Amino acid sequence: MKALVTFDYSKEELDYFRSLGYDVIYKKNKDLEFSEEIADIDMLLCFDSFDKIDISKFKNLKWIQLLSAGINQVPLDVVSEKGIILTNNRGCYSMPIAEWSVLKVLEMLKNSKSFYKKQENKNWEVDKGLLDLYKKRIGFVGTGSIASETAKRFAAFGVEIFGLNTDGRDLEYFDRCWPTEDINDFVSSCDIIIVTTPYTEETHHLIDKDIFDHMRNGVYIINIARGSIIDEKALIENLRSGKIKKAALDVFEEEPLPETSPLWDMENIYISPHNSWGSERNHERRFYIAKENMKRYMDGEELLNVIDINRGY
């Protein structure tokens with residue numbers, strides 16, 4: 001079983017993969033190009049090597065293990081046509097992103113930005129406009145592992161937790177779920193909306209002007225998924241009008257966020273540079289999913305996080 005690894009694992013970790021029976025070829029992603037050495041690989045372990053190599057050239061490729069949770073970088077038409085198994089790293093970043101989301105909701109409701117500025121200016125001024133999280137209605141666009149981990153943490157605050165997914169299926173940690181076709185009713189029911197759905201052709205600009213029009217006045221928005229799920233032009237218009245009271249954005253339609261973007265100068269915005277996934281334990285989790293699935297594959301067992309590319313969010 002010949003495996004191409006393009007992630008920077010340690011020598012000890014690569015040797016562990018070899019101990020499972022794999023013929024491991026390691027190539028730095030930045031230096032990756034198609035060659036005879038890798039032409040007959042059976043397995044690809046990577047984040048995103050698809051702009052470097054055309055996977056349709058791999059005649060023996062049976063399985064791709066992604067170290068990302070998202071799959072929008074993958075040429076899914078090739079995967080489908082060639083019957084390649086696709087597994088991702090779903091759950092690796094769910095905990096840190098869940099913690100980040102709770103932090104940002106509390107920062108927005110408790111107006112932390114103003115307190116940071118007051119501290120810098122040594123200004124002792126009480127803010128009587130702080131809000132409770134208690135009894136708020138939090139809605140998740142997408143109900144995957146990130147949403148579940150976040151909902152689990154929010155439950156302790158005594159909130160109502162709603163979800164939006166393809167078929168409206170009920171799930172643990174959610175008080176109620178809506179199907180995508182009822183998105184207008186869903187957003188109109190939420191005080192806080194958190195976007196966690198994967199980015200696909202179907203979710204491009206899922207949150208557009210019409211959806212914003214159906215939201216409550218003074219709604220709070222968080223996006224930790226992909227910037228293009230939200231129509232950024234419509235988002236800016238609704239931030240300016242006050243329809244959206246505040247937003248915490250970790251992702252944007254163009255990254256890095258251009259210096260010319262009006263988002264930088266808005267007082268009701270919390271911006272971070274696509275960094276909500278950060279954790280000292282991420283490498284440990286990236287190694288775990290790889291070694292676990294590589295062992296399972298050799299043992300003929302069911303793999304973790306197999307992607308059904310035909311299923312929605």
Side-chain angles (χ1 to χ4, degrees), residues 46-51 64 66-77 79 86-101 104-105 138-151 163-166 180 183 186-187 190 192-212 215 219-239 244 247-258 261 263-264 269-279 282 305 307-313:
C46 68
F47 261 107
D48 180 7
S49 298
F50 307 101
D51 60 344
I64 298 171
L66 296 176
L67 294 174
S68 64
I71 63 171
N72 55 292
Q73 74 275 33
V74 182
L76 297 179
D77 55 338
V79 169
L86 180 65
T87 54
N88 71 347
N89 202 6
R90 184 174 67 248
C92 175
Y93 309 108
S94 298
M95 290 185 184
I97 292 175
E99 292 176 0
W100 186 93
S101 300
K104 292 305 172 182
V105 167
I138 301 178
F140 290 88
V141 179
T143 54
S145 63
I146 291 173
S148 294
E149 288 292 343
T150 310
L164 181 81
N165 53 46
T166 307
T180 308
I183 187 172
F186 164 77
V187 298
C190 301
I192 300 163
I193 295 173
I194 303 178
V195 180
T196 64
T197 188
Y199 178 68
T200 65
E201 289 184 6
E202 289 72 27
T203 60
H204 179 79
H205 284 187
L206 176 67
I207 311 298
D208 58 12
K209 181 183 182 301
D210 179 64
I211 301 302
F212 282 123
M215 291 182 186
V219 68
Y220 293 79
I221 302 285
I222 285 182
N223 190 4
I224 52 79
R226 289 293 184 269
S228 294
I229 296 171
I230 297 179
D231 181 340
E232 206 162 275
K233 181 179 178 181
L235 172 70
I236 291 169
E237 290 174 356
N238 281 274
L239 283 162
I244 302 173
L249 306 175
D250 190 50
V251 291
F252 304 88
E253 291 213 60
E254 182 180 349
E255 295 182 2
L257 183 65
S261 172
L263 291 170
W264 285 113
I269 285 284
Y270 289 74
I271 289 174
S272 57
H274 205 145
N275 206 174
S276 61
W277 53 269
S279 166
N282 281 344
N305 297 352
I307 299 296
D308 179 355
I309 62 176
N310 297 311
R311 182 174 183 180
Y313 57 94

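This is a predicted model, so every value here is computed, not measured. Computed from heavy atoms alone, side chains included, the values below leave out hydrogens, waters and symmetry copies.
- Atom-to-atom distance recorded for Ile224:CD1 and Thr197:OG1 is 9.5 Å, nearest 0.5 angstrom.
- Within the model, atoms NZ of Lys104 and CD1 of Ile97 stand 13.5 Å from one another, a figure rounded to the nearest 0.5 Å.
- Closest of all the heavy-atom pairs between Leu206 and Ile211 is O-CG1, 3.4 Å.
- By the side-chain contact (heavy atoms from CB on, under 4.5 Å) test, Ser279 is found to be paired with Pro96, Arg281, Asn282, Arg285, residues two or more places apart in sequence or in another chain being considered.
- Distance alone, capped at 3.5 Å, places no donor-acceptor pair between the Glu149 side chain and the Ile146 backbone.
- If you take CG on Leu235 and CG on Leu249, they are separated by 6.0 Å, rounding to the nearest 0.5 Å.
- Considering all non-hydrogen atoms of both residues, Asp231 and Asp208 come closest at CB-CA, 4.0 Å.
- In this structure, Glu99 and Thr150 have side chains that are not in contact, with every pair of non-hydrogen atoms separated by 4.5 Å or more.
- Closest approach of Thr203 to Pro198, counting heavy atoms only: OG1-O, 3.0 Å.
- Summarising the geometry, atom CZ belonging to Arg226 is positioned 5.0 Å from atom CG belonging to Asn72; distances are rounded to the nearest 0.5 Å.
- Among all heavy-atom pairs drawn from Tyr93 and Ser68, the shortest one is CE1-CA, 4.4 Å.
- Side chain of Thr196 to backbone of Gly142: a donor-acceptor contact under 3.5 angstrom is found.
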- Query: Between Phe252 and Ile230, is a side-chain contact (heavy atoms from CB on, under 4.5 Å) present by the stated rule, with each step listed?
  - Reply: CA-CA 9 Å; Phe252 304 88; Ile230 297 179; over 6 Å; no

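- Proximity of a side-chain donor or acceptor of Ser49 to a complementary backbone N or O of Cys46 within less than 3.5 Å is not detected.
- With sequence neighbours excluded, the residues forming a side-chain hydrogen bond (donor to acceptor under 3.5 Å, both in side chains) with Asp250 are Ser272, Ser276, listed by chain and number.
- Among the candidates Thr87, Asn305, Leu86, the single residue satisfying the side chain to side chain contact (heavy atoms under 4.5 Å, CB included) test with Leu66 is Leu86.
- Here the CD1-CD distance, from Ile229 to Glu202, works out to 11.5 Å after rounding to the nearest 0.5 Å.
- In terms of heavy-atom proximity, Thr143 sits nearest to Phe140 at CG2-O, 4.5 Å.
- Although no hydrogens or angles enter the test, the distance criterion places no donor-acceptor pair under 3.5 Å between the side chain of Ser261 and the main chain of Leu257.
- In plain terms, the two heavy atoms of Asn89 and Leu67 that are nearest each other are ND2-O, 3.3 Å.
- Judged by distance alone, the side chain of Trp264 and the main-chain N or O of Pro258 form a donor-acceptor pair under 3.5 Å.
- By the salt bridge (Lys or Arg N to Asp or Glu O under 4.0 Å) test, Glu253 pairs with no residue at all, sequence neighbours left out.
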- Determine, step by step, whether Ser145 and Ser94 satisfy the side chain to side chain donor-acceptor pair (under 3.5 Å) criterion, reporting the C-alpha distance in whole Å, the side-chain angles of both residues, the deciding distance to 0.1 Å, and the verdict. CA-CA 6 Å; Ser145 63; Ser94 298; 2.9 Å; yes

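- For the residue pair Thr166 and Thr180, no side-chain donor N or O sits within less than 3.5 Å of a side-chain acceptor on the partner.
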